[in-house]
Novice: 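The structure is given below, and queries will be raised subsequently.
From a predicted model like this one, the values you see are computed outputs, not experimental measurements.
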Amino acid sequence: MEKSRMNLPKGPDTLCFDKDEFMKSLRSSVSEGIRAVDERMSKQEDIRKKKMCVLRLIQVIRSVEKIEKILNSQSSKETSALEASSPLLTGQILERIATEFNQLQFHAVQSKGMPLLDKVRPRIAGITAMLQQSLEGLLLEGLQTSDVDIIRHCLRTYATIDKTRDAEALVGQVLVKPYIDEVIIEQFVESHPNGLQVMYNKLLEFVPHHCRLLREVTGGAISSEKGNTVPGYDFLVNSVWPQIVQGLEEKLPSLFNPGNPDAFHEKYTISMDFVRRLERQCGSQASVKRLRAHPAYHSFNKKWNLPVYFQIRFREIAGSLEAALTDVLEDAPAESPYCLLASHRTWSSLRRCWSDEMFLPLLVHRLWRLTLQILARYSVFVNELSLRPISNESPKEIKKPLVTGSKEPSITQGNTEDQGSGPSETKPVVSISRTQLVYVVADLDKLQEQLPELLEIIKPKLEMIGFKNFSSISAALEDSQSSFSACVPSLSSKIIQDLSDSCFGFLKSALEVPRLYRRTNKEVPTTASSYVDSALKPLFQLQSGHKDKLKQAIIQQWLEGTLSESTHKYYETVSDVLNSVKKMEESLKRLKQARKTTPANPVGPSGGMSDDDKIRLQLALDVEYLGEQIQKLGLQASDIKSFSALAELVAAAKDQATAEQP
């Protein structure tokens, strides 16, 4: 008893030491147990996997044997019948084989890499070949005999073994391709007036006439019974369409040639209409989407080289326009609403961009850019015209190539730089006539009026591609209108200046009035001088000759501006003449007083009006007549600057002349 007590732990340290040892021992024992369990489970999992592989292989062998048994059984029962007709298996037998073959394929994939599978592969290959051959033969037999049941069994079998694309490819090769080869004949298309349209019409007849049964069985037709359809097929998209595209690309390569833009546009338009009509034959929207996503669809669209077509059209339009925007301004054709050929060609170029003979929906962005380029080019051309000096030649004389100026900047080019080739030459200044300036203003006004019409032409074309933001299009055209409007003031100022110079060129003949009456013993004037009519002749010509081309408000503005400027100069001239007459009169009076001789203003033989008074009276008559002619022009004399002061000036002179009469 005492010895046992002596062996017991006597302190806390001893107890902790024994407890740690115990825990270590426990952990070790548990870990060993877990490892043992893991190893056992791993072995069991390995055994399970091997068992599954064995079972799959067994299933593969069973499926192979079952299929071979079916084949052998069918062969032994119907040997004579098969020999008499064909070696093809019936639809029901094929469906049974296909179901078993599907399981065979599944297990064979799961057993990939097993040695035993390699030994069975030749037998599987034989079954596959037999099944493929039988399916193809049965499908062709069903199509030839129009047997819906055979076609349904066959397509269902293809779907069972996941070979729907093989069936569609077979239909494309055997059923579609021969028809395509008969219809797509390049010689017929090129020789017949409507050969391309006739060819497309025949191609569109194929699906309703030759694919009716296939579409009914697969649910691609409206009359298909949903319960008896075989889903997963789209023969129009995967069989018919690829063969059509291949036939067009191989047998009709000239179809896609953009060398002749008119022919290209016609072919493209007819072809796109054919595609739209073919899309209507699709059984559903999903089928249409599959058609548009098909590689052959993208290949067909890419064959049409639209950028090259646009470049050819661009050169035609730009070349025609640049030929009109030259130094030599020509008149527009007689039937044109425009006056100048440059303006007529600009408008016709704008209309041509959006004409049915040129427009293609996929080129909308390019055509819109070209439209803006044409408008900008014309604006630049008009600005350059406003910088030309006005010539005295008539428009016919201006048309003669008096100078050899370089061409204007083209649509496709920006500012050109001097490349320093050859000695520098001073380019002769190109002039412009007043009539041509009037034509430019009239054309600018007409073009601004027709831009809204252009918008109405463009809108239906943009709606074809689903574009709805017409406010941006309208804003861009309004910007062009603003640029045209900005050109008018400088042109009007130039016209007014030229008319004013022309008018005053005759009105300054008032300086000659003293010479006509001084010491000539001429009769007292009763009518206005002829120079007044000559001065106003250009204004009457402007009003009568261009009233059908220009708005009356523009003509009135020019007349007022011209008369205001020329009247101001005329006022100064008349004032100078009257001052000169007065000084002469005063000088003669002083001379008279100094010499005490005959009067300074000798009267006529009968004691009539003096020469100075005749001069005053003539100037008064001229100004009065000028006021009358201003009213005939449709203007109020009071609206003409300086005219009131002029009228008061000559009225005072007239009063002086009449007051001195005895």
Novice: Are the charged groups of Asp443 and Lys446 less than 4.0 angstrom apart, N to O?
Specialist: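 The answer is no: the pair does not qualify as a salt bridge.
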
Novice: In chain order, what residues pass the ring-ring contact (aromatic ring centres under 6.0 Å, His included) check against Trp354, with sequence neighbours excluded?
Specialist: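 For Trp354, the residues satisfying ring-ring contact (aromatic ring centres under 6.0 Å, His included) (neighbours in sequence not counted) are Phe359.
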
Novice: Identify the heavy atoms of Lys547 and Ile555 that sit nearest to each other, and give their distance.
Specialist: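 Closest approach of Lys547 to Ile555, heavy atoms only: CA-CD1, 3.9 Å.
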
Novice: Less than 4.0 angstrom from a charged side-chain N to a carboxylate O is my criterion; do Arg515 and Glu512 meet it?
Specialist: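 The answer is yes: the pair qualifies as a salt bridge.
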
Novice: Between Leu491 and Leu444, does a side chain to side chain contact (heavy atoms under 4.5 Å, CB included) hold up when you go through it step by step?
Specialist: CA-CA 11 Å; Leu491 293 169; Leu444 276 174; 3.7 Å; yes

Novice: Would Lys641 and Glu565 count as a salt bridge (Lys or Arg N to Asp or Glu O under 4.0 Å) if you check the C-alpha gap in whole Å, the side-chain angles of each, and the deciding distance to 0.1 Å?
Specialist: CA-CA 8 Å; Lys641 296 178 181 179; Glu565 188 169 340; over 6 Å; no

Novice: Quick one: are Leu437 and Asp498 in side-chain contact, heavy atoms under 4.5 Å?
Specialist: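 When only atoms from C-beta onward are counted, Asp498 and Leu437 do not touch, as no gap falls below 4.5 Å.
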
Novice: Which atom names give the shortest non-hydrogen contact between Leu370 and Cys353, and what distance separates them?
Specialist: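 That closest heavy-atom pairing would be CD2-SG, 3.6 Å.
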
Novice: Under 3.5 Å, is there a donor on one side chain and an acceptor on the other for Asp533 and Ser530?
Specialist: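 Side-chain D/A pair, Asp533 to Ser530: absent.
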
Novice: Salt bridge or not for Lys468 and Glu463, using N-O below 4.0 Å?
Specialist: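 Answer for the salt bridge query: no.
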
Novice: Salt bridge between Arg352 and Glu316, side-chain N to carboxylate O under 4.0 Å?
Specialist: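 Looking at Arg352 and Glu316, the cut-off is met.
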
Novice: Return yes if a side-chain donor-acceptor contact under 3.5 Å exists between Ser529 and Tyr625, otherwise no.
Specialist: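 Short answer, no.
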
Novice: Which heavy-atom pair separates Cys503 from Thr562 by the least distance, and what is that distance?
Specialist: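 Residues Cys503 and Thr562, closest heavy atoms: SG-CG2, 4.0 Å.
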
Novice: Here's one to test your reading of the geometry: is the NZ or CZ of Lys522 within 45 degrees of the ring axis of Tyr517 and under 6.0 Å from its centre?
Specialist: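 Yes - Lys522 lies over the ring of Tyr517, closer than 6.0 Å to its centre and within 45° of its axis.
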
Novice: Start with the C-alpha gap between Leu507 and Thr573, add the side-chain angles, then the distance that decides, and say whether side chain to side chain contact (heavy atoms under 4.5 Å, CB included) holds.
Specialist: CA-CA 9 Å; Leu507 290 177; Thr573 302; over 6 Å; no

Novice: Are the aromatic ring centres of Phe506 and Tyr531 under 6.0 angstrom apart?
Specialist: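 No; Tyr531 has its ring centre 6.0 Å or more from that of Phe506.
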
Novice: For a 4.5 angstrom cut-off between non-hydrogen side-chain atoms, does Phe643 reach His568?
Specialist: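 With C-beta onward as the side chain, the pair stays apart.
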
Novice: Any side-chain donor paired with an acceptor under 3.5 Å for Asn469 and Ser471?
Specialist: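 Yes, Ser471 and Asn469 have a side-chain donor paired with an acceptor closer than 3.5 Å.
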
Novice: Does a side-chain N-to-carboxylate-O contact under 4.0 Å join Lys583 and Asp612?
Specialist: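 Judged by the 4.0 Å cut-off on N to carboxylate O distance, Lys583 and Asp612 do not form a salt bridge.
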
Novice: Are the charged groups of Lys654 and Glu624 less than 4.0 angstrom apart, N to O?
Specialist: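 Yes, charged N to carboxylate O under 4.0 Å.
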
Novice: Between Asp611 and Arg518, does any side-chain N to carboxylate O distance fall below 4.0 Å?
Specialist: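 Salt bridge between Asp611 and Arg518, a charged N being under 4.0 Å from a carboxylate O: no.
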
Novice: Is the NZ or CZ atom of Lys459 positioned over Phe470's six-membered ring, under 6.0 angstrom from the centre and within 45° of the axis?
Specialist: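 Ring-cation test returns yes.
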
Novice: Hey, are Asp356 and Lys461 close enough for a salt bridge, meaning a charged N less than 4.0 Å from a carboxylate O?
Specialist: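 Counted as a salt bridge, because a side-chain N and a carboxylate O are separated by less than 4.0 Å.
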
Novice: Can a side-chain donor-acceptor contact be found between Gln552 and Gln556 if the only test is distance below 3.5 angstrom?
Specialist: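 Indeed, the side chains of Gln556 and Gln552 share at least one donor-acceptor pair under 3.5 Å.
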
Novice: Assess whether ring-ring contact (aromatic ring centres under 6.0 Å, His included) is satisfied between Phe264 and Trp304, documenting all intermediate values.
Specialist: CA-CA 9 Å; Phe264 179 86; Trp304 299 96; 5.6 Å; yes

Novice: For residues Ser349 and Ile374, report the shortest heavy-atom separation together with the two atoms involved.
Specialist: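 Answer, listing the atom of Ser349 first, then Ile374: CB-CD1, 3.9 Å.
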
Novice: With a 4.5 Å cut-off on side-chain heavy atoms, are Leu362 and Tyr268 touching?
Specialist: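 A side-chain contact under 4.5 Å exists here.
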
Novice: Do the charged groups of Glu322 and Arg345 touch, with an N to O distance under 4.0 Å?
Specialist: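 No salt bridge links Glu322 with Arg345.
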
Novice: Is the shortest side-chain heavy-atom distance between Leu578 and Leu619 below 4.5 Å?
Specialist: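 A side-chain contact under 4.5 Å exists here.
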
Novice: Only one of Ile458, Leu455, Leu451 clears side-chain contact (heavy atoms from CB on, under 4.5 Å) with Ser474; which?
Specialist: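 Result for side-chain contact (heavy atoms from CB on, under 4.5 Å) with Ser474: Leu455.
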
Novice: Can you name the nearest heavy-atom pair linking Arg313 to Glu357, along with the distance?
Specialist: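 Here Arg313 and Glu357 meet closest at NH2-O, 3.5 Å.
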
Novice: Side-chain contact test, heavy atoms from C-beta onward, threshold under 4.5 Å: evaluate it for Pro333 versus Ser336 and give yes or no.
Specialist: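 Pro333 vs Ser336: side chains touch.
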
Novice: Do the side-chain N and O atoms of Tyr338 and Gln450 include a donor-acceptor pair separated by under 3.5 angstrom?
Specialist: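 The criterion, which ignores hydrogens and geometry beyond distance, is satisfied for Gln450 and Tyr338.
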
Novice: Counting C-beta onward and ignoring hydrogens, is there a side-chain heavy-atom pair between Leu563 and Leu536 closer than 4.5 Å?
Specialist: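 A side-chain contact under 4.5 Å exists here.
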
Novice: Would you check, one step at a time, whether the test side chain to side chain contact (heavy atoms under 4.5 Å, CB included) holds for Glu453 with Arg351?
Specialist: CA-CA 10 Å; Glu453 177 185 336; Arg351 289 182 59 89; 3.3 Å; yes

Novice: Does any donor atom in the side chain of Gln557 or Ser492 lie under 3.5 Å from an acceptor atom in the other side chain?
Specialist: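 Looking only at side-chain atoms, Ser492 and Gln557 do not form any donor-acceptor pair under 3.5 Å.
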
Novice: Looking only at heavy atoms, which two atoms of His344 and Ala332 are closest? And how far apart?
Specialist: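 Closest approach of His344 to Ala332: CB-CB, 3.9 Å.
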
Novice: Any side-chain heavy-atom pair from Phe381 and Leu385 closer than 4.5 angstrom?
Specialist: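 Side-chain contact under 4.5 Å: yes.
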
Novice: May I ask you to test the Phe274-Glu279 pair for a side-chain heavy-atom distance under 4.5 Å?
Specialist: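 Side-chain contact under 4.5 Å: no.
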
Novice: Does Phe484 form a ring-ring contact (aromatic ring centres under 6.0 Å, His included) with Tyr378? I'd like the steps, not just the answer.
Specialist: CA-CA 9 Å; Phe484 294 154; Tyr378 183 73; 5.8 Å; yes

